[in-house]
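Let me begin by presenting the structure, written as structure tokens, before commenting on it.
Below, chains carry the letters A, B, ... as their sequence lines are ordered, and counting in each starts from 1. Basis for what follows: all heavy atoms, side chains included, without hydrogens, waters or symmetry-related copies.
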Amino acid sequence: MLSPNDDVKVMAKKSLQTSGIGKCKDCKDKSCAVSILKNQELDVLAQNSSELKIPKGEIVIREGELTTFVAYLKSGLVKEHLKGLNGKSQIIKLIKAKSYLGLSAGLSSKMSLYTYSALEDLNVCYIDLNILKKLMKDNGNFAYEILLSVSRENITNSFWFVNKNQKQIYGRCADAMLYFSKIIFEKNKFTLPITHFELAALIGTTRESVTRTLSKFKSDGILQINEKNITILNNKLLENISKNG
DNA sequence: CCATTAATTTAGT
DNA sequence: ACTAAATTAATGG
């Protein structure tokens with residue numbers, strides 16, 4: 001939890017200088033954008049990026065830090081959150097593999113606006129932001145792909161927030177369950193990756209309401225719950241609840 | 001290194 | 001807010 005993220009940064013910087021050439025070329029988890037790069041550009045990327053393992057619970061990028069890096073999530077699940085006015089953590093969303101972390105803020109702000117924490121053990125590539133910017137300026141197709149991903153992120157964020165603000169707890173919980181099953185895990189059976197407390201911070205309610213609503217869903221036969229394992233039994237009803245708030 | 005216990009976190013009411 | 005259960009950390013062998 002209280003990981004001195006500086007260590008990560010120092011390690012990243014160190015290995016930036018020593019990372020070998022050809023790594024990005026051979027990467028099996030390239031982003032759509034990076035797939036577009038030419039061999040020569042991939043070499044540049046490889047020389048200015050570094051893959052790191054981040055254990056569960058550690059922070060990938062902390063809000064308020066200088067944005068010298070962008071992180072590409074190769075594998076694992078991350079939560080994007082920030083501190084609200086009262087100092088309480090507000091979760092923006094979860095992010096799954098093959099996405100960039102800190103991109104939208106990184107391009108325009110000198111400081112990171114969000115904190116990214118590992119919900120699982122991660123493989124992350126730290127990429128020098130200046131190199132990324134240079135690649136974008138030099139290669140229009142690459143820049144276009146990066147813009148696409150920022151745009152998509154923007155759209156899903158907006159819908160998420162609008163829905164959240166216009167729905168009651170039931171609708172929000174239903175949304176969250178559909179979010180996990182459809183977007184994050186892409187199956188109707190999954191293990192809740194966060195605690196009830198965190199789920200509450202994600203959908204803007206209290207831990208108690210989350211617990212209460214989930215057990216209601218369970219007793220109504222919508223969900224099967226044991227421990228953190230959730231199976232969606234009645235997807236249609238769940239979507240109705242989501243739709244009607 | 002493993003087992004036991006203490007402390008913290010989480011879920012449910 | 002309180003309790004029970006579960007997870008994690010600390011201790012001692």
Side-chain angles (χ1 to χ4, degrees), chain A residues 1-8 10-11 52-64 73 75-97 101 114-124 160 163-165 167-235 237-242 244-245:
Chain A
M1 286 296 155
L2 40 131
S3 66
N5 198 38
D6 294 346
D7 289 354
V8 171
V10 169
M11 280 161 70
L52 231 62
K53 285 187 190 307
I54 308 277
K56 181 179 175 178
E58 302 270 312
I59 289 172
V60 183
I61 296 172
R62 192 186 296 272
E63 66 189 284
L73 181 62
S75 69
L77 193 63
V78 162
K79 85 172 169 182
E80 181 183 64
H81 55 116
L82 55 83
K83 290 226 187 338
L85 290 176
N86 47 9
K88 282 185 179 161
S89 172
Q90 169 75 46
I91 301 178
I92 309 296
K93 62 172 179 287
L94 304 190
I95 301 173
K96 58 179 182 174
L101 310 178
Y114 309 113
T115 300
Y116 297 89
S117 320
L119 293 174
E120 310 166 343
D121 292 349
L122 309 177
N123 282 305
V124 164
W160 181 251
N163 285 342
K164 197 173 78 177
N165 287 330
K167 283 175 188 175
Q168 310 296 321
I169 307 282
Y170 278 43
R172 296 188 205 175
C173 269
D175 275 353
M177 293 301 111
L178 291 169
Y179 174 63
F180 288 134
S181 75
K182 289 211 160 134
I183 296 170
I184 301 291
F185 297 107
E186 298 179 41
K187 41 184 148 165
N188 66 348
K189 193 177 174 186
F190 56 87
T191 301
L192 205 59
I194 53 177
T195 65
H196 286 188
F197 181 80
E198 290 173 304
L199 187 51
L202 177 66
I203 63 178
T205 182
T206 61
R207 186 189 63 80
E208 286 89 334
S209 295
V210 168
T211 303
R212 211 155 22 82
T213 308
L214 287 185
S215 20
K216 179 86 169 81
F217 284 172
K218 185 184 180 182
S219 66
D220 287 353
I222 299 169
L223 300 176
Q224 189 184 81
I225 306 175
N226 47 54
E227 306 293 302
K228 288 198 157 189
N229 300 308
I230 293 181
T231 309
I232 295 181
L233 299 173
N234 193 338
N235 197 66
L237 194 45
L238 203 56
E239 286 188 352
N240 262 343
I241 295 170
S242 161
N244 300 320

| said: According to salt bridge (Lys or Arg N to Asp or Glu O under 4.0 Å), who are the partners of A:D121, at least two apart in sequence or on a separate chain? | reply: none
| A:K96 side chain vs A:F185 backbone, donor-acceptor pair below 3.5 Å | no
All N/O contacts under 3.5 Å from nucleotides 11-13 of chain B to the protein, with atom names and distances to one decimal?
from   : atom 1 : to     : atom 2 : distance (Å)
B:dA11 : OP2    : A:H196 : N      : 2.8
B:dA11 : N7     : A:R207 : NH1    : 3.0
B:dG12 : N7     : A:R207 : NH1    : 3.0
B:dG12 : O6     : A:R207 : NH2    : 2.7

| message | Among residues at least two apart in sequence or on other chains, which ones pass ring pair (Phe, Tyr, Trp, His ring centres under 6.0 Å) with A:F197? | response | none
| request: Determine yes or no for a side-chain-to-main-chain donor-acceptor pair under 3.5 angstrom, with A:R207 supplying the side chain and A:H196 the backbone. | output: no
| request: Find out whether A:L223 and A:T231 are in side-chain contact, i.e. whether some heavy atom of one side chain is under 4.5 Å from a heavy atom of the other. | output: no
